[in-house]
A.B. asks: 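Can you read through this structure? Questions will come right after.
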There are 2 protein chains.
Amino acid sequence: MNEMRPIRAKSGTNQEGASAHNRRVMIDALRVNGQLSRADLARATALTKQAVSNIIEDLERDGLVASLAAVRKGRGQPSTPYRLVPEGAFAIGLQIDRHMTRTIAVDLVGAVLARGEANLPAGGPERGTETILWLIDKTRRELAEVAPQSKDRLVGLGVAMPGPFGIDTDPADPWMMALWQRFPLSETLAIGTGLDVRLQNDSAAAATAEKLVGAAHGLDQAICIYVGYGIGAGLILDGELYRGANGNAGEIGMILSRPENGTEDQRAPLEHRASIASLCKILDRDPADPELYRHLDDFAAASDARIAAWITEAAYELRRAVQILETIFDPQTIVLCGGMPPGLARLLIDAIHPLLPSIAERRTRSAPRLQLGFTDPWAVAIGAAAEPISRTFDPSFSAILKTRSVGSG
Amino acid sequence: MNEMRPIRAKSGTNQEGASAHNRRVMIDALRVNGQLSRADLARATALTKQAVSNIIEDLERDGLVASLAAVRKGRGQPSTPYRLVPEGAFAIGLQIDRHMTRTIAVDLVGAVLARGEANLPAGGPERGTETILWLIDKTRRELAEVAPQSKDRLVGLGVAMPGPFGIDTDPADPWMMALWQRFPLSETLAIGTGLDVRLQNDSAAAATAEKLVGAAHGLDQAICIYVGYGIGAGLILDGELYRGANGNAGEIGMILSRPENGTEDQRAPLEHRASIASLCKILDRDPADPELYRHLDDFAAASDARIAAWITEAAYELRRAVQILETIFDPQTIVLCGGMPPGLARLLIDAIHPLLPSIAERRTRSAPRLQLGFTDPWAVAIGAAAEPISRTFDPSFSAILKTRSVGSG
DNA sequence: GAAATAAGTCAAGACAATTGACTTAATAAG
DNA sequence: CTTATTAAGTCAATTGTCTTGACTTATTTC
């Protein structure tokens, strides 16, 4: 009789939401600008001096900000600048990448305080989570040694692994990522660690790292292309990471760059030509080889012909990807990052130049069209750790809104 | 001495911002769900019954919502549903498209109440604005006849014209769009009409129309591909139109789909193969011909061989564009719209199928991967008119924040 | 007819920002 | 050296909007 169609509506907000937003705005402003006085903050955020004063007092009591020595800068009472207190918050990051897993602990300003690494046992998520929980625990204990305050100030666990999620990926893949992608990982880890857990794909994590402490720091419109075992893009739009309807936005590895001509190999998606997986295939190397990173560095330094061939192919694809992303997003910059040695990354980004013409070619640019970001194999793990910091302290639309009684996903 | 670097920070908010947001949320909920009781609204927005009651009372007094007859739906007191009042607000839209200009007047629910059309005189913006101001005035008077309340309830003027903006476009283009794109149009029209003016490109306007009253109604993640004289995409991300760093996001016409192989013609951007401009070239027709629309319809009905050739080429490009957009955005749906006869649009969308494989191929889909939107030549003008409505009444992050003293652009 | 359920109101309370006057501490001008 | 000016920051009262919890009203179910 009554069809009981669910009502679709956005969430409302109240003073609490506004207040939470204002605190985030203060922290964000201090993060981006280094140090600011209360008066600076009032001007920059359009709030009154008094409101800022109250909020800063609060944040100081909470141990998130601290004052510096007063500075005289002209007429009037000297101002007292404030800065973020690194020990104000901590977070753990977890990266799952086929055969191995890494953990990282960071503080409020993104400094790395502990790290751990382990091989994942064969047998998929059920057995893997044991290893993971052990590794997380080890990292937490390590962190507690360096920073005893961390016990009460851990804001969450960020998890990064290759996407896409919720899709029927190749069931024959040897790393059983499909199994991982279907496994209720967040829930299991939330129970196992008692922490707030959120999952993102590895390129989103890389972008989160670039935003917090890397090339995209302080930028509101940036695209991070992440070249790892696969390839993906982390989309920072209006200052927030964009997830898409199903959390799979930015999975550009699946783009069919030449869908209807050429050999079957050429018809394959972008990922088959611009990724470490494809490089390993050319080099006939096992991607699981723990020495791979060093080997790639050697190959790159030795100007190996196969490396050069891969670079040509990958650069061709990336050049087009850059042009497409610039055209679609009109970003302030594009950051190329990835889990490869800096030497190799340098060769790759050089080979991508000169860039194709696009609307990004404008006279007044403050950031380069394409720049190199993190090429640390730990970058994704750092980004995973940065996610809870960002989720907890960065201003965002969703942070203002009242939360629904029962979560939807 | 003091380098005086500008402080970068996001804006704070206060009760006023929260309240404004809540009112917008109510209006949005009523727009999407048709009619809702106060209790429904309270549940859907996570606000208290009391808060909703106060807000609805306000909105009713402001003439934006009205109650309907009470309905019994089970145990308990019958509920009183509320609906939007179409006469609650009005807006004017202006489309500038090379040789001509169109105006539209809409009400709060997006119904068209008046329209006007005129040819633009040669001579560029200086002379053109005279015609435009005259046309807007004519439309306002027409609107006032149909809806006298409109005089006090006009919320703004939305302007749509081809992008990209701020780029040195081809100076030889015969329509002098480059001149228009550099002309301070918003300022001139704001002074000339006394209205709040905002400018967007035509594909963004088409997307705004689809969001308010079209295929993207109530969707938070949707991409609208607009095929007009050129081609572009309007990006609806998290319920808001995405503009990019310089307002040029979605200008996909500039994508070099085959940048390095083939003839010079094949190397040309997407726009040269999938646009009405390219179709006119094939048909050897003047794009400025006022009868073009009817002719295209005839050609399509007659299965003209040149039309078929264009459709094959355009469909090839669009098939790839759809796959790229799906892969990058992971949207709920993609809407194909454009200023062409429905028959032709139907042929085109059919030719695009079957779609290329992508992450959008998931078992549970509520909306089709690709669907047909407005194919009315007035769609962009309607979207232009919808923009002030959306700007004034849709929930958005920026609407919550306090405004800075002096705008930035 | 009584109990249960749901919509909606009333009145008091809480909270976070605003307002405007005030204090403090520096430089600039005479 | 004194006074005016400027700017940072505080104090105390006010404001506006949402929340809370009790209450009223209207309907169905038992």
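Protein chains get the first letters and strands the later ones, always in sequence-line order, with residue 1 at the start of each.
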A.B. asks: Between P on D:dA26 and NZ on B:Lys73, what's the gap in Å once rounded to a whole number?
C.D. replies: 17 Å
A.B. asks: Tell me whether A:Arg391 is salt-bridged to A:Asp196, with the criterion being a basic N under 4.0 Å from an acidic carboxylate O.
C.D. replies: yes
A.B. asks: How about CZ on A:Arg72, more than 12 heavy atoms from neighbouring residues, nucleotides or ligands closer than 6.0 Å, or not?
C.D. replies: no
A.B. asks: What are the bounds, 5' to 3', of the part of DNA chain C that sits under 4.0 Å from heavy atoms of chain B?
C.D. replies: C:dA4 to C:dT18
A.B. asks: Strictly below 4.0 Å, N to O, side chains only: are B:Asp28 and B:Arg31 in salt-bridge contact?
C.D. replies: no
A.B. asks: Under 4.0 Å, heavy atom to any atom of DNA chain C: which of residues 48-61 of chain A qualify?
C.D. replies: A:Thr48, A:Gln50, A:Ala51, A:Ile55
A.B. asks: Check this one for me: any side-chain N or O of B:Asn22 less than 4.0 Å away from OP1 or OP2 of D:dC18?
C.D. replies: yes
A.B. asks: Under 4.0 Å between a Lys/Arg side-chain N and an Asp/Glu carboxylate O for B:Asp107 and B:Arg153?
C.D. replies: no
A.B. asks: Report the distance from atom CZ of B:Arg75 to atom P of D:dC30, rounded to the nearest whole Å.
C.D. replies: 6 Å
A.B. asks: With a 4.0 Å cut-off on N to O distance, would you call B:Asp238 and A:Arg243 a salt bridge?
C.D. replies: no
A.B. asks: Rounded off to whole Å, could you give me the CZ-to-C1' distance for the B:Arg23 and D:dC18 pair?
C.D. replies: 15 Å
A.B. asks: Hey, are A:Asp40 and A:Ser37 close enough side-chain-wise for a donor-acceptor pair under 3.5 Å?
C.D. replies: yes
A.B. asks: Any side-chain N or O of A:Lys402 below 4.0 angstrom from OP1/OP2 of D:dT19?
C.D. replies: yes
A.B. asks: Any ion pair linking A:Asp394 and A:Lys211 (charged N to carboxylate O, less than 4.0 Å)?
C.D. replies: yes
A.B. asks: Choosing from D:dA8, D:dC18, D:dA26, which nucleotide comes nearest the side chain of A:Ala39?
C.D. replies: D:dA8
A.B. asks: In whole angstroms, how far is the P atom of D:dT25 from the CZ atom of B:Arg72?
C.D. replies: 19 Å
A.B. asks: Go through the structure and list residues passing side chain to side chain contact (heavy atoms under 4.5 Å, CB included) with B:Ala70, not counting sequence neighbours.
C.D. replies: B:Pro78, B:Thr80
